[in-house]
Protein chains: 2
Amino acid sequence: MKTPGPSSTQPPSRRIAEELRAAIEAGHLAPGDRLPSERALAHQYETARNTAREAIRLLAEEGLVTARHGSGVFVREPQRLFRFGSDRYSRSNRETGLTPFRLEARRQGKEARIDVVGITRERPPQDIAERLAVPADEESVLHRENHYFADDEPVQIVSTYLRWEEAEGTPLTQPRTGKDGIYGRLEELGHVMTRVRDEITARMPTRAEATVLGLPSGVPVLEVLHTSLDQEDEPFEVSRYVHRADRTGLFYELPVE
Amino acid sequence: MKTPGPSSTQPPSRRIAEELRAAIEAGHLAPGDRLPSERALAHQYETARNTAREAIRLLAEEGLVTARHGSGVFVREPQRLFRFGSDRYSRSNRETGLTPFRLEARRQGKEARIDVVGITRERPPQDIAERLAVPADEESVLHRENHYFADDEPVQIVSTYLRWEEAEGTPLTQPRTGKDGIYGRLEELGHVMTRVRDEITARMPTRAEATVLGLPSGVPVLEVLHTSLDQEDEPFEVSRYVHRADRTGLFYELPVE
DNA sequence: GAGTGGTCTAGACCACATC
DNA sequence: ATGTGGTCTAGACCACTCC
């Protein structure tokens, strides 16, 4: 069941990576432990420092270790997962007065913070325009961008898109949207959320996302493109959630048939 | 809205990466196009080859480009997504006689192939044991591992776990399980699937997964831990799906409240 | 100040692809 | 045969952390 070839035929950098990986998987190097320094590894394996460095990079790309400048390379700690369930859109949760994010944060004993980064009228990206049924070549949407933090650590970026013609002149264009948030206001506009569609993909973060979320290499993001449908089965809100994948899991429970 | 600092203060490798990234995003380098060779970039920017190489590695980690040994570095082509919907467990789909995978492959005009990699009695991993409600310290499960291909390209790895006490001596231990597959047999054993739970995470592939799936660097995997519940609300089957994230998306549609 | 990772140089040889 | 990426060497200096 060995994936790589015999270690004797492997380049030194891969061999070093393999031995470190084995030590991590066997628990000889526990989460939080520091690896030997690059110089120490180079000496130990009688290679140049760059070769040891390449080995560590391979492990970092797999998400097994994280380098901290000036301090060392450490085995990554398994992170408690934020879990966003399929009930996150339900009214019963909304009645707690807490958004799904605040609810989950409280469940984990963390402090939630939400920064409103921008509220602007825009031309929608193609995928948003299709799902919200608005033209992509006009400034047809209101775009609200928020950043979410747990204990001051960023965990998700959310972009919400609404029809400009509906949002114009309402509290939806304000940072504080009032009781029950945007869904409360949208209900007043006649949209009762009756069905949702979530489209889920994973990818590596863009440079901007990596910066905002403070992502080390080897951590992908989960992207959820969410569409809310009203009682007429018309879409009235589309959001793009970008989660750091090492802190977040999604959870869907559904009846069959 | 610039994320990095002024380009003048950036190291050369990042500056090269930034300019190439800009060229890709602006469309000057289209999907499928070849980048200048490492040696050409090094000459152009008056740096060592390793510095140009480092720039390309940054782009590869973002998933923007893929290197092909002996051939060049190419802008990655957007991949048509395999979409697995929340209806994939429904009986109506099962009545087509096609598994969800074969159904989706046909929808895309691709040829599906499923390899049975192994069918063994095992001690379950911790997460599986919890969800299937079996002891983790005994050989309490049957483990079926399959690899799925579309047009001979691997797209997912599936590990299905069943209670050994139920599966023993039944066609469930055989490669070919008969009409309607394992769910058909499990129904004969008294388990009607009435509810499912999917737990979704994303991460970088293990070395073994990267090999099986043929993943270039910069492509994460989507992991779905799926639990089937029967009419008594008891779990009777747990599967772990590992999808390559650049080819696969998940799709859930659900009523609210 | 000592030790760590981050970046870079100017070479070299190897493995693979293409013609 | 030529050109490409893959790996390696043996140095160097910088930026950061920790004591």
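By convention in this document, chain letters (A, B, ...) are assigned in the order of the sequence lines, proteins followed by strands, and residues within each chain are numbered from 1. Note that the structure is predicted; figures quoted are calculated from it, not measured.
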Could you tell me how far apart [X] ([atom1]) and [N] ([atom2]) are, to the nearest whole angstrom?
X	N	atom1	atom2	value
A:E46	D:dA10	CD	C1'	15 Å
A:R15	D:dT7	CZ	P	16 Å
A:R53	D:dT9	CZ	P	15 Å
A:I56	C:dG6	CD1	P	9 Å
B:L41	C:dT9	CG	P	13 Å
A:E38	D:dT9	CD	P	14 Å
A:Q10	D:dT7	CD	P	11 Å
B:H43	C:dG11	NE2	P	13 Å

Legend entry - Modelled atom types, side-chain donor and acceptor of A:Y161 and A:E122, under 3.5 Å: no

Inset, instruction - Would you mind classifying the nucleic acid contact of A:R34 as base, sugar-phosphate or nothing, using non-hydrogen atoms under 4.0 angstrom? - result: sugar-phosphate

Legend entry - N/O donor-acceptor pair, side chain A:R39 with base C:dG3, under 3.5 angstrom: no

Legend entry - A:R49 (side chain) and C:dG6 (base): donor-acceptor pair under 3.5 Å: yes

Do NZ/NE/NH1/NH2 and the carboxylate oxygens of [X] and [Y] come within less than 4.0 Å?
X	Y	result
B:E209	B:R244	no
A:K110	A:E104	no
A:R240	A:E223	yes

Is [X] close enough to [N] that one of its side-chain N or O atoms is under 4.0 Å from OP1 or OP2 there?
X	N	answer
A:R14	D:dT7	yes
A:T51	D:dT9	yes
B:S13	C:dC8	yes
A:S37	C:dT4	yes

Inset, instruction - Please work out whether the ring planes of A:F82 and A:F101 are parallel, tilted or perpendicular, with thresholds of 30° and 60°. - result: parallel

Inset, instruction - Identify which nucleotide among C:dG5, C:dT9, D:dC18 has an atom closest to any side-chain atom of A:A67, counting heavy atoms from C-beta outward. - result: C:dG5

Inset, instruction - Check whether the aromatic ring of B:H69 stacks on the base of C:dA15, taking stacking as ring centres less than 5.5 Å apart and planes within 30° of each other. - result: yes

Inset, instruction - Return the 5'-most residue of the pair B:L35, A:R68 with respect to DNA chain D, ranking by each residue's nearest nucleotide. - result: B:L35

Legend entry - Nearest-nucleotide comparison on DNA chain C, the residue closer to the 5′ end among A:A40 and B:P12: A:A40

